[in-house]
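Letters A, B, ... mirror the listed sequences (proteins, then strands); counts begin at 1. From a predicted model like this one, the values you see are computed outputs, not experimental measurements. Only heavy atoms go into these numbers, but all of them, side chains included; no hydrogens, no water, no symmetry mates.
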2 protein chains.
Amino acid sequence: MEDKRMDEFPESYPMSGGDGAYSYAQNSKSQRGYVEVSKEMIKEAILKKFDINTLSTPLNSIFVADLGCSTGPNSFIVVQNIVDAIEHKYQLSKYHDEIPEFQVFFNDHASNDFNTLFKSFPPKRKYLASAVPGSFYGRLFPKGSIHIFHSSHSLNWLSKVPKEIMDNTSPAWNKGRIHYTNAPKEVVEAYATQFAMDMESFLCARAEELVVGGLMVLLIVAVPDVILSSEFTICTQLDHLGSCLMDMEKMGLVSEANLDSINLPIYFPSPKELMAVIERNRCFSIEGIQDLGQDKQVRIESLTLTLRAALRGFFEKHFGNDIVDEVFDRYLEKLANTPIFLNLNENQKTFVLSVILKCKPNY
Amino acid sequence: MEDKRMDEFPESYPMSGGDGAYSYAQNSKSQRGYVEVSKEMIKEAILKKFDINTLSTPLNSIFVADLGCSTGPNSFIVVQNIVDAIEHKYQLSKYHDEIPEFQVFFNDHASNDFNTLFKSFPPKRKYLASAVPGSFYGRLFPKGSIHIFHSSHSLNWLSKVPKEIMDNTSPAWNKGRIHYTNAPKEVVEAYATQFAMDMESFLCARAEELVVGGLMVLLIVAVPDVILSSEFTICTQLDHLGSCLMDMEKMGLVSEANLDSINLPIYFPSPKELMAVIERNRCFSIEGIQDLGQDKQVRIESLTLTLRAALRGFFEKHFGNDIVDEVFDRYLEKLANTPIFLNLNENQKTFVLSVILKCKPNY
């Protein structure tokens, strides 16, 4: 086995590191809301679908992996929920005096700020902790070694920007935009194809790594199939962010070439689209699917901070450090002056979809 | 299992992070020399002592852990040597078409610069890589999960400074010194006891984690039982480093209280002492022991840089950032003016001891 992950997946866009005012650690409360909502769902899935009788636990240990952990705060809550739920299940079973040890693997790109993650590990934790740096679109763990995979808000990040949208000779060239919203259908298709290919790679890698009887819990940011003109989603938000950059280009603050060459490697599927990708892959059965709803009680300020924490690294890599403040100041102003963002909680239709998957027996 | 490692082992002294001129990454060539020397020894141990017939490899994977990896350069070479040797052994055996997958765990304190480690991972490597932050004087891995443990130059670091040498009411109070060389016998005994206790904790934890049939390779910096007055060891060096601080105290550059309260948590056993600790523990049989010799061709400049990379973090924590340059400038000058350091390669008697251990069958 030669590990080519570094070559195949050279692009990474870590969340803002450290724990300062604009860090991901301080600006991931929106994601945390879903962690709370998903707690009961995870508990129920483990109680009903995680079969400790047929489970292969060769080392009398349970291995849990969180994929796309970033600098951690939400990840620590999730893995604690998972460990508690499994422990509870063992306590209710005939194995109540053979509670296994837990080892948790925290995964993210090698460029993620793992130093901050490690420094904020909960001091009293019920598990042995390790980190696995690398792209989850490739293999990360030995075959048949992980009992529970979890990933929240990470599969929306593509492994790369689709090539053709960067090619000015292609009909899919995405000139003047940073994302696929309101783009020609070739651009939208290029993004959708990249998402489908990435999910296929992800599912194939995990199918090899998951223990027979193990579970995978995925939380993915999704958009409805149809969006009314009075409504908005994260895609609308990114379109507005792009238009801030276009304004700056017109003012000479950003070069045309620089604007044309930036494209966000993010995709937001509809539930139908996500299900189709999982079914086409054929490794996993869908054991549960749930709409975790919208992030309520948000304000345009928090919307801006969350987006900033997620995209700062990407923007700095592309434009340099100086521009980030200006982009997000303008963005906040634009949202404040756009009618659909006034009635924020009513009009936003972005939601989070949770999916519980299990390896099919023949895999 | 409640993990209390963070509470029990609060002290950590990471090597200098990053890859700048004074970093550990750039100043660990002395350690690298031993990595080269130990290559053949590791190869032979795996060939002769690592029994792949009786080995329990439940996942058809081999798990390797390097304990005290720091920011990596030497660690990458060592684990590659180990993986190559095991692969070679499989190729020679009846399992030649069942070469296992390898997962390597890189361990160091949570305060180690893992970000630099991850960024410098060899891009084409034959193993899946993960990191385990935490003190190796506690449990780090699930029971019976690791096939090969390796640790080089790390077990010389104690889990903490012995309490009594910090207590000004104790006969073991180590006033005016930073280490145990030329100290009263109570100080030397306190250090020796701490080393023995730490080794005991280390061996007990590893005995739980090692797979039946697995191996442990330890490289430990050691000193002879008897040292002539014309010779010197790392202990003599540290005594000179301490005397630089004493000079600075006399000049008012360092406070007396600050000098009295600094003690290096490092210990250098003699071979006899190390063997006694391992035998008293009773979990492991000693399968091999080798004197890897002295670090030859060194100069006082490289001696100073190596010590600086290893101790900077510790000194900065104690004295603040401003003092480190001055201490090591003075140290270099002191070595240059001390006769035994003139004929450096002839007079230095510090050496590295390599020990190959295997779990005894009843463990």
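The local environment of NZ in K39(A) is sparse, with at most 12 non-hydrogen atoms from other residues, nucleotides or ligands closer than 6.0 Å. A 6.0 Å sphere centred on NZ of K43(B) holds no more than 12 heavy atoms belonging to other residues, nucleotides or ligands.
In this structure, S61(A) and F141(B) have side chains that are not in contact, with every pair of non-hydrogen atoms separated by 4.5 Å or more. With contacts defined as side-chain heavy-atom distances shorter than 4.5 Å, the pair N60(B)/K143(A) does not qualify.
Taken to the nearest 0.5 Å, the OG atom of S130(A) stands 7.5 Å off from the CD atom of Q103(B). F118(B) CZ to N115(A) CG: the interatomic distance, rounded to the nearest 0.5 Å, is 8.5 Å.
Of all heavy-atom pairs spanning P142(A) and L128(B), the tightest one is N-CD1, 3.4 Å. Contact detail for P133(A) and A129(B): the closest heavy-atom pair is CD-O, 3.7 Å.
Contacts between F105(B) and chain A at a heavy-atom distance below 4.5 Å involve the side chain alone, from C-beta outward.
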